[in-house]
Student: 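If you scroll down you'll find the structure; I have some questions about it.
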Amino acid sequence: MAALAVIVAGASCGDDPAPEIPTTLAPITSTSTTRLATTTLPPPETTLAETTTTSTTLISLAEESMNYLEVLLAVEVNIGKLVADVQALNENWDNRSESGVSYGETDAGMEAAAQRAQELRDAFEGIQPSSQGNIPLEHQTAAAAVVLMADTAAEMLDGLRSTDTGQSRRSALVGFLTAYEIFGEAVTRVAEIIGDEAIAALESSRTANTVPTIREGATTTTDAATTTDAATTTTTAPATDTDPENPGNTKNCSDFATQAEAQEWFDTYFPLYGDVALMDTNNNGIACELLP
């Protein structure tokens with residue numbers, strides 16, 4: 001019996017885990033509390049960090065947009081100088097009897113202008129627009145205008161070297177000046193998207209740097225039908241002793257008070273020498289249509 005009691009007592013001691021319970025439960029309770037605290041009470045630093053990141057992003061976007069505008073304004077200044085030179089080249093050539101410019105000088109000048117336009121086009125391809133608002137769309141418009149300027153500058157040179165009467169050169173000039181206007185309008189819209197600071201910077205740039213204006217009639221004037229660009233000689237009808245001499249390009253529409261006066265002068269010389277004074281800009285037989 002004593003032995004049996006010992007065996008039973010031993011079994012009870014080995015199977016009874018009661019002494020271990022307090023030790024085992026304590027860690028579980030501690031772990032659960034830690035997880036609950038982590039889940040329901042996020043550190044306030046997390047929210048502050050997110051707020052700081054958002055503010056930094058907004059500031060960077062504004063700076064990015066202004067930096068982009070500065071690049072556009074620099075390009076606009078260079079394009080403006082090119083436009084002024086191109087207009088002068090064409091005007092001097094159209095009035096070569098007065099300006100005394102030679103074909104060689106004009107050809108060299110237009111070749112240089114075409115090269116500058118191509119360099120501007122190549123440089124503009126590397127410019128990255130700001131992502132603010134519709135700026136990427138306006139950038140595409142500006143880029144297309146720069147491409148058109150390069151293409152039409154090359155066409156102007158080809159027109160000068162052709163044996164036509166100057167129509168192709170003048171047509172290319174129209175496209176060139178139109179592209180210039182499109183570029184300027186796109187830059188203005190970019191500034192408006194960015195805001196007041198950008199608008200002020202745009203106005204300051206255009207005030208400090210003389211922006212060329214398209215001269216009146218520059219996009220409509222055509223060359224005399226009897227004078228070629230590549231050859232400066234003028235083809236004339238056989239003249240008799242009673243016919244007046246070729247007056248050359250010695251008159252402008254501003255020299256006449258009325259359209260009727262200009263028309264009389266035009267009708268006197270046109271049958272013999274063509275529109276030597278470039279008074280019929282659209283080749284419809286009517287001289288100086290804008291005069292009263």
Side-chain angles (χ1 to χ4, degrees), residues 46-90 112-156 171-220:
T46 301
T47 304
L48 179 60
E50 291 175 351
T51 303
T52 302
T53 301
T54 302
S55 300
T56 302
T57 301
L58 292 175
I59 293 173
S60 296
L61 181 60
E63 291 177 346
E64 173 189 279
S65 298
M66 285 301 297
N67 290 339
Y68 170 67
L69 178 66
E70 289 179 5
V71 173
L72 281 188
L73 295 180
V75 173
E76 185 177 58
V77 170
N78 288 328
I79 287 180
K81 293 177 181 178
L82 176 62
V83 169
D85 290 346
V86 166
Q87 286 194 116
L89 284 166
N90 280 276
Q115 179 62 36
R116 287 165 59 191
Q118 183 60 54
E119 291 172 354
L120 283 170
R121 172 182 179 174
D122 294 342
F124 201 83
E125 290 179 352
I127 298 175
Q128 294 298 320
S130 167
S131 58
Q132 180 179 350
N134 287 331
I135 288 181
L137 180 61
E138 297 300 341
H139 178 81
Q140 292 179 5
T141 300
V146 174
V147 170
L148 180 58
M149 293 187 76
D151 291 343
T152 51
E155 291 171 6
M156 262 187 285
S171 177
L173 176 61
V174 171
F176 181 84
L177 296 178
T178 299
Y180 166 63
E181 288 184 323
I182 292 173
F183 180 86
E185 291 168 357
V187 174
T188 299
R189 288 192 294 270
V190 167
E192 291 172 347
I193 291 171
I194 298 173
D196 293 342
E197 182 182 357
I199 294 174
L202 172 65
E203 293 175 350
S204 176
S205 175
R206 289 179 175 175
T207 300
N209 303 283
T210 303
V211 177
T213 56
I214 297 177
R215 293 164 174 75
E216 183 178 356
T219 59
T220 58

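Residues take their numbers from the sequence shown, with the count starting at 1. Only heavy atoms go into these numbers, but all of them, side chains included; no hydrogens, no water, no symmetry mates.
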Student: Counting only heavy atoms from other residues, nucleotides and ligands, does the tally under 6.0 Å from CD of Glu119 exceed 12?
Tutor: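 It does: Glu119 CD has more than 12 such atoms within range.
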
Student: Rounded to the nearest 0.5 Å, what separates atom CZ in Phe176 from atom CG in Asp151?
Tutor: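 Output value for this atom pair is 11.5 Å.
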
Student: Could you pull out the closest heavy-atom pair between Ala201 and Leu73, with the gap in Å?
Tutor: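 The pair with the smallest heavy-atom distance is O-CD1, 3.8 Å.
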
Student: Looking at CD of Gln87 and CG of Leu82, how far apart are the two atoms once the value is rounded to the nearest 0.5 Å?
Tutor: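 The distance works out to 10.5 Å.
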
Student: Can you find a pair of side-chain heavy atoms, one from Val187 and one from Arg206, that are under 4.5 Å apart?
Tutor: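 Answer yes - side chains close enough.
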
Student: Roughly how far, to the nearest 0.5 Å, is CD1 of Ile194 from CG of Leu69?
Tutor: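 Output value for this atom pair is 4.5 Å.
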
Student: Please give me the minimum heavy-atom distance between Ala117 and Ala153, naming the atom from each residue.
Tutor: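 It is CB-CB, 3.9 Å.
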
Student: Are Glu76 and Leu202 packed together at the side-chain level, in the sense that at least one heavy-atom pair is separated by less than 4.5 angstrom?
Tutor: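 Yes - at least one pair of side-chain heavy atoms lies under 4.5 Å apart.
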
Student: Quick one: pull up CE in Met149 and CE in Met156 and give me the separation to the nearest 0.5 Å.
Tutor: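 Nearest 0.5 Å value for the CE-CE distance: 8.0 Å.
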
Student: Could you pull out the closest heavy-atom pair between Ala172 and Glu155, with the gap in Å?
Tutor: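 The answer is CB-CB, 3.7 Å.
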
Student: Nearest 0.5 Å, what's the CD-OG1 distance between Glu203 and Thr188?
Tutor: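 Rounded to the nearest 0.5 Å, the CD-OG1 separation comes out at 9.5 Å.
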
Student: Just by modelled atom types, is the Leu61 backbone N or O under 3.5 Å from a matching donor or acceptor in the Ser65 side chain?
Tutor: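 Present.
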
Student: Ignoring hydrogens, what is the shortest heavy-atom contact between Ile182 and Ala145? Give both atom names and the distance.
Tutor: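 Looking at all heavy atoms of both residues, the shortest contact is CG2-CB, 4.0 Å.
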
Student: If we ignore angles and hydrogens, is there a donor and acceptor under 3.5 Å between the side chains of Asn67 and Glu63?
Tutor: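 On atom types as modelled, these side chains do not qualify, holding no pair under 3.5 Å.
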
Student: Do the rings of Phe183 and Phe124 sit parallel, tilted or perpendicular, given the 30° and 60° boundaries?
Tutor: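 Because their plane-to-plane angle is over 60°, the rings of Phe183 and Phe124 count as perpendicular.
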
Student: I'd like to know if the side chain of Thr178 reaches the main chain of Val174, judged simply by a donor and an acceptor atom lying under 3.5 Å from each other, with no hydrogens or angles considered.
Tutor: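 Yes; judged by distance alone, with no hydrogens or angles, the pair exists.
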
Student: Leu177 versus Val86: any side-chain heavy-atom pair under 4.5 Å?
Tutor: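 A side-chain contact is absent here, since even the closest heavy-atom pair is not under 4.5 Å.
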
Student: Between atom CG of Asn209 and atom NZ of Lys81, what is the distance when rounded to the nearest 0.5 Å?
Tutor: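 These two atoms lie 7.0 Å from each other.
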
Student: When you compare the side chain of Ile127 with that of His139, does any pair of heavy atoms fall below 4.5 Å?
Tutor: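 Yes. Closest side-chain heavy atoms under 4.5 Å.
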
Student: Please find the pair of heavy atoms, one from Ala198 and one from Ala191, that lie closest to each other, and give the distance.
Tutor: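 In this case the closest contact between Ala198 and Ala191 is CB-O, 3.5 Å.
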
Student: State, to 0.1 Å, how close Gly175 and Leu148 come at their nearest heavy-atom pair, and which atoms those are.
Tutor: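 Where Gly175 meets Leu148 most closely, the heavy atoms are O-CD2, 3.9 Å.
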
